[in-house]
Amino acid sequence: MLDKAYDAKKYEDAIYKRWEESDAFKANVDSDKPSFTISMPPPNATGTLHLGHAIMLALEDILIRHRRMKGYEALWLPGTDHAAIATQNKVEKILAEEGIDREQLGRESFLNRVREYVANSQDIIRNQVRKMGSSCDWSRERYTLDDDLNYAVNEVFSRMHKDGLIYRGHRIVNWCTRCGSTLADDEVEYVEVQAPFYYLKYGPVTIGTARPETKFADKVVIVHPDDKRYKKYIGKEMEIDWIDGKIKAKFIADAEAADMEMGSGAMTITPAHSFVDFDLAKKYKLEVLPIIDTEGKMLPIAGEFAGMDVLECREKLVKKLKKLGLLERVDENYSHNLSVCYRCNTPVEPLVSEQWFIDVNKKVKALGGKSIKERSVEVIKDGEIEIIPSRFDKIYFHWMENLRDWCISRQIWWGHRIPVWYKDGEIHVGHDAPKGQGWRQDDDTLDTWFSSALWTFSTLGWPKETPDFKKFHPTSVMETGYDILFFWVARMIIMTTYATGTIPFEKVYLHGLIRDKEGRKMSKSLGNGIDPIEMIDKFGADALRMSMVIGNTPGNDMRLYEEKIMGYRNFTNKLWNASRFVIGIFEEKGLPADRQGITKAPKPDLGKLTAADEWILGKLNTVISAADEALTGFRISEAGQLLYDFLWNDFCDWYLELSKGDKQNPAVLYHTLATTLKLLHPITPFVTEQIWAELPGTSGMLITEQYPEPIKGDFDAGSIGLVIELIGAIRRMRAENKIEPAQKIAVTLYGRKDLEGSKEDIMRLARVSELTWKDSGKKLSGAAADVVKDVQIFIPLEGLVDTEKEKARLQKEIEQLGKYIAGLSAKLANKNFVQNAPAAVVEAERQKLSEAEARMKQMKGQVGNL
RNA sequence: GGGCGCUUAGCUCAGUUGGUUAGAGCGACUGGUUUACACCCAGUAGGUCAUAGGUUCGACUCCUAUAGCGCCCACCA
């Protein structure tokens, strides 16, 4: 006998172990089934699992389990990401607590510390991924720093270099002075800050700046060619007073760069520390003089300020400018966007440096004569890859079309070493150092997204034409958060189309972010984060999965809180108890004979069907198709909702209640329960698997069962449908007339005497002591009265029923019904409607009208009867 | 500055290509140990689907404005 309440904690770990040890998660590369592949977005090999991972695991596991049961060779490939900067920062922080920095430790010792940290973290994550019930293929687990993945990285780098897509250049880059490294454009975040804004006198013009300390070497003034104020200066060079005495400044007119409306309409440019100015300097072949170094300190060009931090210099320089009479005024609370590092929030310093870049505009043969950008846009435009929801197409196009060359070299230690060696001005690019003495490998590492961009294929053995690669690539779905659409999804498309000539995945499913009850982002500092592992401990993994998946639609954020998870814990318990009840019946009455036939045959022998049997089988057939279609169409929430409703409202509230009489049909109970378990298995794998094990007569594990298909046959849902409505009406009448639940009542029904077989059911479920059922009869006075379809209901309770109140209630309903009928009649009287609407719609409206009119007639009759 | 999303019952959210008398869970209220479940059962109340126009026979659903909230991108000399 099952326990009275389902205790997830008692079963989940053991079930997972059984699944894993049975190799149920393992994909067979030699199978001739069609493949269905998901590459798990690799969690960072730092820290622990959070809700972002949890929702990703829940959604992917549901898809994988569904397709696996549907007969696909399903591969869900797990792994972890070395997360270059994030991991290095984390370990640096730990070291800082010990009072050490990485330079003290040296590169190799530092890397060993990181490896140690990562190994520990990976263990934690692996366990937590298991806790969620993830049915991923652990035999194929990968890590971005595995040797073969590193090989793939070097291979792609070499090929791109050979194709001229990767080049080394002296260009302006985003520089984080704390990380001591470059950042990609999208790794820069912006925070709004209030800061003083300075207006400086620069010869005959006024220039505005928030960063006076970058202005030491400004020697060019840009104005608009049509600007009357400055026309006379254009093309001229003049001597002006500046920070360290007189300098020569040149005036250039540029219609695109200068805006007459903005500020004074004139600006100086700082080529070495501004992206816009760098491009201008290139355009006009101007000198690029660095002012600030890679530690955020002033260079000798700053004279007396050399060696100072940027902020210190700013403060002191402003004083000097004031003294020199060059400071016109200061806006103390100017609000502007400060660019900061997305990993450590340190202000980003744009500066010029020699780095490796990927050229996004160069057309190459490997992409059919197209550029990276063009091909990456094309695969979405042509529908080779579908993004769900599709509104992200536009966002993707905008990003891709405006993409600038991607800076891929990082000056941190943790990551893939750039596969380039130097010797006396010679350069070698490849997998290994060339033979001979004196070659030195590039000190830098690659942007972490470079290797994760290869994830769908590097994990399958590429560049070797492995059986895995051939069978499982391109992958089927990339399911991930929309917040990494650019970082990762876009870059996978870029790199995969180039390296493999194929797309990385057919669909991109973007889930939203999980927020707290107030809609705030969950964060450590707010302390509002929900720990998935704690929730699993409390409510079970199934409940957590459901709570994240139902009511959640792609691309939209959702709020999560304990009460919600508790609600789905209640659902798992409901399922458990329904099963407990059914199993109890089998224990009492014996199992149906042909259980294999019952759970597998397209047309099982279910014995003689009662009206209730027909009803539930019809509902079951409908929910099978609907849930399957919903999951196939990635409408996961809808599938969950459908099954929730079916189990609770149809199966438990009605079918099981109707089965409490003498009319139990063990075959139908067995079939319906077994089928429901299968349908729910992708969503709530643990509880269904446990019940499957407890259900007598099953063999093997539920995870390996096939997804159900509707059974053959037409089932009459109408008869019990009407009985259900009658029971509902009687219950309502009882409640409205405040009849004590314990008090049994007598009921008289007129009409549909053919349903008399359900008399016992009505009596039991509506608490009726005496039921008189006739085809017709005379009116009853002193009774409560109602009507359902063509059945009149009377509860003759002299004294207990307030006849006037009853009349008023019926009158109110008649009034509403009248309005409804009027609306329908008007609609059908409208020629345009009848002409233009589809015939089926018109017919449906006619049907509604005639039903409403029939009911109206009955209602009126009932009023008269009172 | 450009773009996107959201606005549906007190709260959290569904609502597939326009055709339901607009749904769910939680909460509220009334009442219940009816041989699986109080992590339960029965019943009730509660919404002019943000606002204003428009298209259509018909709009929660499509279009245009407006407002509030949120997000993304760009950028400010």
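Naming convention: chains lettered A, B, ... in sequence-line order (proteins, then strands); numbering from 1 in each chain. Every heavy atom of this structure was used, including side-chain atoms; hydrogens, water molecules and symmetry mates were not.
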Determine whether A:T553 and A:N556 satisfy the following criterion, side chain to side chain donor-acceptor pair (under 3.5 Å), listing intermediate values before the conclusion. CA-CA 6 Å; A:T553 43; A:N556 293 331; 3.1 Å; yes

Would you please test A:Y230 and A:F251 for ring pair (Phe, Tyr, Trp, His ring centres under 6.0 Å) and show each step? CA-CA 9 Å; A:Y230 310 122; A:F251 281 71; 7.4 Å; no

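As judged by a 4.0 angstrom heavy-atom cut-off over every strand, A:N337 is placed among the base-contacting residues. Counting non-hydrogen atoms under 4.0 angstrom, A:F392 reaches nothing in the nucleic acid. Across all strands shown, A:T209 has heavy atoms under 4.0 Å from sugar-phosphate atoms exclusively, and none from any base. No engagement by A:Y199 is indicated, since no non-hydrogen atom pair under 4.0 Å with the nucleic acid exists. Residue-level contact check: A:R731 touches the backbone only, with heavy atoms under 4.0 Å from sugar-phosphate atoms and none from bases. Within 4.0 Å (heavy atoms only), A:Y334 reaches sugar-phosphate atoms of the nucleic acid but no base atom.
Cation-pi geometry between A:K660 and A:F581 is met: under 6.0 angstrom from the ring centre, within 45 degrees of the axis.
Applying the salt bridge (Lys or Arg N to Asp or Glu O under 4.0 Å) test to pairs two or more places apart or on separate chains, those with a residue in residues 638-648 of chain A are A:R635-A:E638.
The base of B:C39 lies close enough to the side chain of A:R569 for a donor and an acceptor atom to sit less than 3.5 Å apart.
For A:T553 and B:A14, the shortest distance from a side-chain N or O to OP1 or OP2 is below 4.0 Å. Within the structure, a side-chain polar atom (N or O) of A:R732 is placed less than 4.0 Å from OP1 or OP2 of B:U44.
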Contact pattern, 5' to 3', of nucleotides 18-29 of chain B - B, S or - by protein heavy atom under 4.0 Å: -BSB--SS----

Heavy-atom contacts, protein to nucleotides 30-36 of chain B, under 4.0 Å, summarised as B (base), S (sugar-phosphate only) or - (none) per nt, yield -S--S-B

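Remark: the separation of the C1' atoms in B:G2 and B:A45 is 47 Å, to the nearest Å. B:G58 and B:G19 are spaced 7 Å apart, taking the C1' atom of each and rounding to whole Å. Taking atom P in both B:U20 and B:C62, one finds a spacing of 15 Å when rounded to whole Å.
Note: CD1 (A:I514) to P (B:G70) measures 21 Å, nearest angstrom.
Closest approach of A:E740 to A:R734, counting heavy atoms only: O-NH2, 2.9 Å.
Aromatic pair A:Y342/A:F487: ring centres closer than 6.0 Å. Checked against the 6.0 Å centroid threshold, A:Y6 and A:Y11 count as a close aromatic pair.
With A:R569 contributing its side chain and A:K538 its backbone, the two residues share no donor-acceptor pair below 3.5 Å. The main-chain N or O of A:I269 is never found under 3.5 Å from a side-chain atom of A:K219 such that the two would form a donor-acceptor pair.
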